[in-house]
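In what follows, chains carry the letters A, B, and so on, assigned in the order in which the sequence lines appear, proteins first and then strands, with residues in each chain numbered from 1.
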Amino acid sequence: MNKSVKDRLLIYLSLLIALIIDSYNFSNIFQFIKPSFVLLVLIYWNMALPDRVGITTALLFGVLVDLLQSSILGLHGLLFVLITYLCQRFFYQFRITPILQQSFLIFILMILFKQILAFDFLDSSVNRTNLSDGSYLINTFYYAILSSISWPFVYYLCRLYRRRWIKI
Amino acid sequence: MLRKEHKVSHISSEAIFAIPTMKPTKVLLSLIFCFLLILSDINYKSSDIVRAYGKDILNPIIYIAKTPVFIFENLMDFFSSRKDLQVTLLALKEENLKLKSINTLLNEISYENRRLNSLTESIKENTNNYYLVKKQYLAANDLKPVMTVNINRNEKGYGKNNSILSEKGVVGRIVSVGFYNAEVMLIQDPRSLIPVISSTSRLHAILQGSGLGRLGNLKNIKKSANYKLGEELYSSGLGGVFPSGYPVAKIETIEDNPGNEFLDIQVSFLQSPINQDYFLALRDPSNE
């Protein structure tokens, strides 16, 4: 098999594993604050191998997450494409920053991501464009914290996977 | 410079700075595509047709995610001793007795309630009108909670707008149907509107959700309306989507703000699908 195709398949496999982890259903509040591992793994690949992942991967997994999360079709796709673009645009800077600083950037990114998901696209509330409230803000904070804590694990795990299987 | 002596990386002979960034045109086209998808979904609800079928495709992923817990639970069952099981059985028997006595009390209350409100209709319901559904996945966005349930497509009367109920009352309604899965819009969803009737004051209203774990609110209630705190709200059956007589919510606060044309009434929902796995779906005879 062509090396490039094999690499892409291995990257898709890692994203699929992340999707499996994301699709686990928790029977408590953790369900609403659990980190999105698909997004974290996608960020890693955009940073590590920007020439192997791109818009198509982001779009495909965005739509899959849309289906899983029952959100408006295309919403996660749109956000994943934007994040992919940002990561690829600034990956030179991002990959040389220390891991703690990367976690902080992930924290900021995840707060924005979660807040955009709260937009009232279907106009269900008369006076507001964003459905976010105090409780949602707290959830957003926990979500971002958990994502930034998870980032070093995702980073080193994906790096191990890349060095073991992809060998670039 | 020799290939091996490359300053950037010894693993790759290709300099990382040589990788070109993404083409803006491609990004722009993708964004336009996503916007079109979003707009068609918002305006025409186009994804409702395909969404549940998409869930069918994702079914194996959800099953794989559940497998470790399933194996762990089975192993725990296997290794739990007979003694443990006997203790559990005894505790369950005790619990059962307690529940039976509570049930008797509830029957008494229910009898009184029946005379007051439309619960009579729900008591008369035939048990064959319901079929069992299992929760598959609950969306991680608590502001727009949508639940996916496992369903048997061969069930008679299965289809869109089937009401989903729990032992505590109305949970939501099916909005998208697939081969093995269906999507349920919960009554806590801000998009959900459910006609209700109050238990004692017998006033009709429309109840709108605000997200899971949040208080819902009654829409456009005149200031002269005589609602009482703690009053329970039942589905009124108006509109023909939800059956009448099922408990929905309880009034928590009533505020009369001078700047507001209507009363501000907040209610707490009686059921939450977070820690529950099985639900009942009400058959729709028109789908048979």
Side-chain angles (χ1 to χ4, degrees), chain A residues 16 19-29 31-34 36 49-51 54-56 58-59 62-64 66-75 77-82 84-85 88-89 91-92 95 114 117-118 120-125 131-133 135-136 139 143 163 167-168, chain B residues 11-12 14 16-17 19-22 24 26-27 29-31 33-42 46-47 50-51 54-55 57-58 61-62 64-66 68-69 135-148 176 183 189-192 208 210-214 274-277:
Chain A
L16 204 65
L19 189 69
I20 289 170
I21 296 169
D22 277 352
S23 63
Y24 183 74
N25 204 36
F26 290 92
S27 298
N28 50 35
I29 192 78
Q31 176 68 12
F32 309 118
I33 56 171
K34 62 180 184 181
S36 170
L49 298 173
D51 53 333
I55 295 293
T56 323
L59 204 58
V63 170
L64 283 177
D66 273 329
L67 286 175
L68 184 73
Q69 299 290 351
S70 308
S71 51
I72 296 168
L73 203 65
L75 182 60
L78 181 88
L79 291 171
F80 280 20
V81 167
L82 277 174
T84 298
Y85 178 69
Q88 296 227 359
R89 179 70 185 77
F91 84 97
Y92 301 129
R95 62 189 291 162
K114 193 86 172 160
L117 290 180
D120 187 13
F121 293 99
L122 294 165
D123 217 12
S124 42
S125 183
L131 295 167
S132 180
D133 54 9
S135 165
Y136 190 80
N139 279 356
Y143 170 78
R163 288 182 176 175
K167 287 177 184 166
I168 290 175
Chain B
I11 304 164
S12 168
E14 189 181 351
I16 188 93
F17 301 105
I19 298 170
T21 49
M22 218 174 255
K26 208 176 165 187
V27 179
L29 281 175
S30 308
L31 292 179
F33 175 71
C34 288
F35 271 120
L36 286 176
L37 271 180
I38 292 171
L39 285 174
S40 73
D41 202 6
I42 290 171
S46 54
S47 72
V50 291
R51 199 183 283 280
K55 290 268 166 77
I57 297 165
L58 288 174
I61 288 173
I62 296 170
I64 293 168
K66 281 181 180 174
V69 177
K135 181 171 85 177
Q136 186 79 335
Y137 190 79
L138 181 66
N141 190 349
D142 51 338
L143 284 176
K144 298 160 192 170
V146 177
M147 182 170 70
T148 306
S176 178
E183 265 189 10
D189 197 309
R191 294 168 291 173
S192 163
Q208 187 179 26
S210 310
L212 263 181
R214 291 165 177 81
I274 296 176
N275 43 20
Q276 201 173 341
D277 281 339

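Interface residue L212(B): only side-chain heavy atoms are found under 4.5 Å from chain A. With a 4.5 Å cut-off on non-hydrogen atoms, L64(A) touches chain B through its backbone and its side chain both. Proximity to chain B (any heavy atom under 4.5 Å) is shown, for S36(A), by neither the backbone nor the side chain. Neither the backbone nor the side chain of Q276(B) has a heavy atom closer than 4.5 Å to any heavy atom of chain A.
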Inset, instruction - For side chain to side chain contact (heavy atoms under 4.5 Å, CB included), just list the numbers for S70(A) and M147(B), CA-CA rounded to whole Å, side-chain angles, deciding distance to a tenth of an Å, and then say yes or no. - result: CA-CA 8 Å; S70(A) 308; M147(B) 182 170 70; over 6 Å; no

Legend entry - Audit row: Q69(A), N141(B), side chain to side chain contact (heavy atoms under 4.5 Å, CB included) steps and yes/no: CA-CA 8 Å; Q69(A) 299 290 351; N141(B) 190 349; 5.8 Å; no

Inset, instruction - For the pair L19(A) and L58(B), evaluate side chain to side chain contact (heavy atoms under 4.5 Å, CB included) and give the outcome as yes or no after the intermediate values. - result: CA-CA 10 Å; L19(A) 189 69; L58(B) 288 174; 4.2 Å; yes

Inset, instruction - Begin from the C-alpha positions of V69(B) and Y24(A) and carry the test side chain to side chain contact (heavy atoms under 4.5 Å, CB included) through to its verdict. - result: CA-CA 10 Å; V69(B) 177; Y24(A) 183 74; 3.1 Å; yes

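With rounding to the nearest 0.5 Å, the separation of CG in L29(B) from CD1 in I55(A) is 10.0 Å.
Legend: residues meeting side-chain contact (heavy atoms from CB on, under 4.5 Å) with I42(B), ordered by chain and number and at least two apart, are I72(A), F121(A), L122(A), I38(B). For K144(B), the side chain to side chain donor-acceptor pair (under 3.5 Å) criterion is met by no residue, not counting sequence neighbours.
Judged purely by atom type and a 3.5 angstrom limit, Q31(A) uses its side chain to pair as donor or acceptor with the backbone of L138(B). Within the 3.5 Å criterion, the main-chain N or O of L73(A) finds a donor-acceptor partner in the side chain of D41(B). Using a distance-only test at 3.5 Å, with no hydrogens or angles considered, no donor-acceptor pair links the side chain of R214(B) to the main chain of D133(A).
Ranked by non-hydrogen atom pairs under 4.5 Å with chain B, the options G77(A), G74(A), A58(A) are led by G74(A).
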